[in-house]
Enquirer: 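Sending over a structure as structure tokens; questions will come in a sec.
From a predicted model like this one, the values you see are computed outputs, not experimental measurements. So you know, we letter chains A, B, ... as the sequences are listed, proteins then strands, and number each from 1.
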Amino acid sequence: MNNLGYACINHGLSSLPKSKRVTTNRSMIKRTFAEKGTPYVSELVLQNVKDLYKILNWNESHNIKFFRISSDLFPWASEYQLEDLPNFKDIVYWLQKSGDYTKTHSHRLTFHPGPYNKLCSSDPRIINNTVKDLNYHAQVFDIMGLSSTPYNKINIHVGATYGDKPSTAQSFCRNFKQLSTSCKTRLTVENDDKASMWSTRELYSSIYDQIGIPIVFDYHHHQFCTGGLSVEEALSLALSTWGDTRPVTHYSQSRSEEYKDPRIKPQAHSDSYWSTPNTYGMTFDIMLECKHKELGLQKMRQLMKEIK
DNA sequence: AAGTGTCAAGCATTA
DNA sequence: TAATGCTTGACACTT
């Protein structure tokens, strides 16, 4: 049984009329942050965490037990301490309520912080921001009372090579040590979608072998950066890095194929699905990264049923 | 309410 | 040199 999940946005709930809209993605531009500061952040965060609880309830009632939380939950999180938000107590209340709900109903929650997180950089300012941002994600899971393991993964890409993969990997592994313990124990790395970047095989030998963090295998990315491995080989290799924790993979399909439009980059994610990932009989959770979110998940369930 | 232009961060790639 | 895309469209202003 491979559990299916979706990422960050519930399409149906977020397109309700404004008064009923449910979203965890309330944010603001830089100017507004400068003008209104953390009190306004705090208001938005409170609404976001309340809506997170609603989404988890929606998921449960639709038998979806795997969900990626948006990093937008706390806008500008690297610019303040969570404890300094005026509504922090109420925010904690709703996060704990969501965490309790998650555990009671055996859901799995994960994060996927943005591409601006460059743990492999050698610029101290970039490292500083990256460490703050990654630690914030771990702190949220801590508040929710979720496991300090990759079961609640915080997944990132290595994200650069600087024209020198060995030294870039070294920087990544060195800077990893600066993260909080609760972040280090949850961190995972994902294979890239460009030939020049990091394949599953390279992540294994350059990152996993050094610091032992699990590899998230992305089916879609793999075809653009195989590292010389077949899907089955790369998948097996990635799964072997998860120890006792049930692994996660990512699955999406090509938008250019979906719309039969060669002008669209083949890497772009599709709206929905028309075929299923080959699991080779192995068991792991699958994060679906299509644009139509929970609708795509329901489509995928149909497709998987038809196969059996 | 609906439409439009703009929007933090880092990097590699394309135009 | 500038625009694009990435884990995810949303904000802010005008009409």
Enquirer: With 3.5 Å as the limit, what N/O pairs link the protein to nucleotides 6-9 of chain B?
Expert:
| unit_1 | atom_1 | unit_2 | atom_2 | d |
| --- | --- | --- | --- | --- |
| B/dA8 | OP1 | A/K30 | N | 2.7 |

Enquirer: Considering all heavy atoms of both residues, which atom of A/C120 and which atom of A/N175 are nearest to each other, and what is their separation?
Expert: C-ND2, 4.4 Å

Enquirer: Which residues pass the side chain to side chain donor-acceptor pair (under 3.5 Å) test with A/T161, not counting sequence neighbours?
Expert: none

Enquirer: Where along residues 171-191 of chain A does a heavy atom fall under 4.0 Å from DNA chain C?
Expert: none

Enquirer: Restricting to pairs with a member in residues 164-204 of chain A, which pass ring-ring contact (aromatic ring centres under 6.0 Å, His included), not counting sequence neighbours?
Expert: A/Y204-A/Y208

Enquirer: Could you run down the sub-3.5 Å N/O contacts of the protein with nucleotides 13-15 of chain B?
Expert:
| unit_1 | atom_1 | unit_2 | atom_2 | d |
| --- | --- | --- | --- | --- |
| B/dT13 | OP1 | A/S196 | OG | 2.3 |

Enquirer: Please find the earliest and latest nucleotides of DNA chain C, in the 5' to 3' direction, that have an atom within less than 4.0 Å of any heavy atom of chain A.
Expert: C/dC6 to C/dC13

Enquirer: Would you be so kind as to tabulate the donor-acceptor pairs closer than 3.5 Å made by side chains of residues 99-114 of chain A, with sequence neighbours excluded?
Expert:
| unit_1 | atom_1 | unit_2 | atom_2 | d |
| --- | --- | --- | --- | --- |
| A/Y101 | OH | A/N57 | OD1 | 3.4 |
| A/T102 | OG1 | A/S98 | O | 2.7 |
| A/K103 | NZ | A/G145 | O | 3.1 |
| A/T104 | OG1 | A/D100 | O | 2.7 |
| A/H105 | ND1 | A/Y101 | O | 3.1 |
| A/H107 | NE2 | A/E60 | OE1 | 2.7 |
| A/R108 | NE | A/Y151 | O | 2.6 |
| A/R108 | NH1 | A/R246 | O | 2.8 |
| A/R108 | NH1 | A/D285 | OD2 | 2.8 |
| A/R108 | NH2 | A/P150 | O | 3.2 |
| A/R108 | NH2 | A/Y151 | O | 3.3 |
| A/R108 | NH2 | A/R246 | O | 2.9 |
| A/H112 | ND1 | A/N155 | O | 2.9 |
| A/H112 | NE2 | A/N155 | ND2 | 3.3 |
| A/H112 | NE2 | A/E190 | OE1 | 3.0 |

Enquirer: Expressed as a whole number of Å, how far does the P atom of C/dT8 sit from that of B/dC7?
Expert: 23 Å

Enquirer: Does the pair A/K194/A/D192 count as a salt bridge with the N-to-O cut at 4.0 Å?
Expert: no

Enquirer: Under 6.0 Å between the ring centres of A/F217 and A/H221?
Expert: no

Enquirer: Among Ile, Leu, Val, Met, Phe, Trp and Tyr joined by side-chain contacts under 4.5 Å, find the other residues sharing a cluster with A/M287 and list them by chain and number.
Expert: A/F66, A/V216, A/W242, A/V248

Enquirer: Do any of residues 207-222 of chain A sit with a heavy atom less than 4.0 Å from DNA chain C, and if so which?
Expert: A/H221

Enquirer: For A/Y259, which fellow cluster members are found when Ile, Leu, Val, Met, Phe, Trp and Tyr are connected by side-chain heavy-atom distances below 4.5 angstrom, either directly or through intermediates?
Expert: A/I264

Enquirer: List in numerical order all residues of residues 51-66 of chain A for which some heavy atom is under 4.0 Å away from an atom belonging to DNA chain B.
Expert: none

Enquirer: Pull out every stem in DNA chain C, meaning runs of 3 or more consecutive Watson-Crick or G-U wobble pairs with both distances under 3.5 Å.
Expert: B:1-7 with C:9-15, B:10-15 with C:1-6

Enquirer: Where do A/H250 and A/H269 land on the ring-ring contact (aromatic ring centres under 6.0 Å, His included) test, with the steps shown first?
Expert: CA-CA 12 Å; A/H250 292 174; A/H269 291 166; 9.0 Å; no

